[in-house]
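Please read the structure below before turning to the comments.
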Amino acid sequence: MKKTVMMILLLAGFTATAQKGERTHRDAMKDLTPEQVATLRTKKMTLALDLTEAQQKQIKVIQLENAEMHKAKMEERKASKEDGEAKKPTSEERYAMANARLDHQIAQKAEMKKILSEEQYTQWQQMQHRKSRHRNGKNGKSRDRHGKKK
């Protein structure tokens with residue numbers, strides 16, 4: 001009985017520690033400036049795709065725009081939460097947001113195609129695919145914020 005209780009406590013402790021570490025990384029990225037985020041992302045892409053100096057400069061501009069846009073949206077959501085104005089968007093608002101997001105992704109994909117070589121572009125697409133699979137779960141199926149399948 002004592003061993004069972006001890007095992008349960010140990011497992012609970014490991015789970016709590018693992019979750020805490022994950023949140024710490026996310027919080028650390030949240031505190032960075034858009035310039036810092038753009039620099040880090042550009043360097044990661046440089047390592048993964050072996051970018052030239054010219055490519056790095058072009059991609060850093062794109063990454064900076066993305067980071068500034070992301071930061072502005074985060075600030076907007078935070079401000080609306082603090083004001084108590086946070087409400088669920090209507091279906092039309094969700095459609096407009098999804099449409100704008102997809103338009104942005106299409107434009108970004110076209111920009112990347114201009115900047116990267118054919119081989120680099122293929123690698124970049126694979127990286128994007130892995131990132132989206134990771135966000136949606138290991139098997140690519142959508143999950144809610146508690147990890148349950150939708």
Side-chain angles (χ1 to χ4, degrees), residues 8 11-52 54-150:
I8 290 172
L11 287 174
F14 287 137
T15 303
T17 304
Q19 290 175 354
K20 182 179 178 183
E22 185 178 318
R23 297 210 185 277
T24 305
H25 173 70
R26 195 177 313 147
D27 290 341
M29 285 297 283
K30 187 170 59 173
D31 294 335
L32 298 177
T33 66
E35 292 80 16
Q36 291 170 327
V37 170
T39 301
L40 291 175
R41 288 184 179 162
T42 302
K43 286 184 178 188
K44 283 182 182 179
M45 284 184 67
T46 300
L47 289 171
L49 302 175
D50 195 28
L51 301 176
T52 65
Q55 288 174 322
Q56 287 178 42
K57 289 177 184 175
Q58 292 174 312
I59 286 176
K60 187 170 182 178
V61 170
I62 293 172
Q63 293 291 357
L64 183 58
E65 289 173 5
N66 288 340
E68 287 172 344
M69 184 176 66
H70 182 72
K71 188 81 165 180
K73 285 184 180 184
M74 279 180 39
E75 295 293 328
E76 184 182 312
R77 282 193 299 268
K78 186 177 180 181
S80 69
K81 257 186 187 178
E82 289 174 355
D83 294 344
E85 296 175 11
K87 59 180 173 62
K88 288 188 176 184
T90 64
S91 63
E92 292 167 3
E93 290 171 331
R94 281 194 308 270
Y95 171 75
M97 288 187 296
N99 200 19
R101 186 185 76 249
L102 291 171
D103 285 342
H104 178 75
Q105 286 176 348
I106 290 168
Q108 184 171 357
K109 198 171 186 177
E111 285 292 314
M112 295 304 262
K113 198 166 194 170
K114 288 179 190 174
I115 297 170
L116 301 174
S117 70
E118 208 170 302
E119 182 181 320
Q120 289 172 327
Y121 182 73
T122 304
Q123 273 186 294
W124 177 76
Q125 283 183 310
Q126 290 171 351
M127 288 167 47
Q128 297 301 307
H129 179 70
R130 278 192 295 260
K131 193 183 337 178
S132 69
R133 281 191 64 206
H134 177 71
R135 234 182 326 226
N136 292 335
K138 289 183 181 177
N139 58 4
K141 293 185 179 173
S142 240
R143 296 179 181 272
D144 66 7
R145 68 179 135 159
H146 302 292
K148 297 177 184 168
K149 291 181 185 176
K150 289 184 180 178

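For the atom pair K71 NZ and L32 CG, the distance stands at 7.5 Å (nearest 0.5 Å). The structure places OG1 of T122 at 7.5 Å from CD of E119, a figure rounded to the nearest 0.5 Å. Note that CD of Q123 and CE of M45 are 10.0 Å apart. Values are rounded to the nearest 0.5 Å. In this structure, Q125 CD and M112 CE are separated by 10.5 Å, a value rounded to the nearest 0.5 Å.
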Determine all donor-acceptor pairs shorter than 3.5 Å in which one atom belongs to a side chain in residues 33-42; sequence neighbours excluded.
unit_1, atom_1, unit_2, atom_2, d
T33, OG1, E35, OE1, 3.4
T33, OG1, Q36, N, 3.2
T33, OG1, Q36, OE1, 3.4
Q36, OE1, T33, N, 2.9
T39, OG1, E35, O, 2.8
T39, OG1, K60, NZ, 3.0
T42, OG1, A38, O, 2.7

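Residues forming a side-chain hydrogen bond (donor to acceptor under 3.5 Å, both in side chains) with S117 (at least two apart in sequence, or on another chain): Q120. By the side-chain contact (heavy atoms from CB on, under 4.5 Å) test, T90 is found to be paired with E92, E93, residues two or more places apart in sequence or in another chain being considered. Considering only residues two or more places apart in sequence or on other chains, K131 meets the side-chain contact (heavy atoms from CB on, under 4.5 Å) condition with Q128, R135. With sequence neighbours excluded, no residue forms a salt bridge (charged side-chain N to carboxylate O under 4.0 Å, His left out) with E68. With sequence neighbours excluded, the residues that form a side-chain contact (heavy atoms from CB on, under 4.5 Å) with Q58 are I115. Every residue two or more places apart in sequence or in another chain that forms a side-chain contact (heavy atoms from CB on, under 4.5 Å) with K73 is listed here: M69, R77.
The shortest distance between side-chain heavy atoms of Q55 and L49 does not fall below 4.5 Å. I59 is listed as a side-chain neighbour of L116, based on a closest heavy-atom distance under 4.5 Å.
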Run the numbers on K78 and K81 for side chain to side chain contact (heavy atoms under 4.5 Å, CB included), then give the verdict.
CA-CA 5 Å; K78 186 177 180 181; K81 257 186 187 178; 5.7 Å; no
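The ring-ring contact (aromatic ring centres under 6.0 Å, His included) analysis of residues 77-129, with sequence neighbours excluded, yields the pairs Y121-W124. Applying the salt bridge (Lys or Arg N to Asp or Glu O under 4.0 Å) test to residues at least two apart or on different chains, the pairs with a partner in residues 94-118 are E111-K114.
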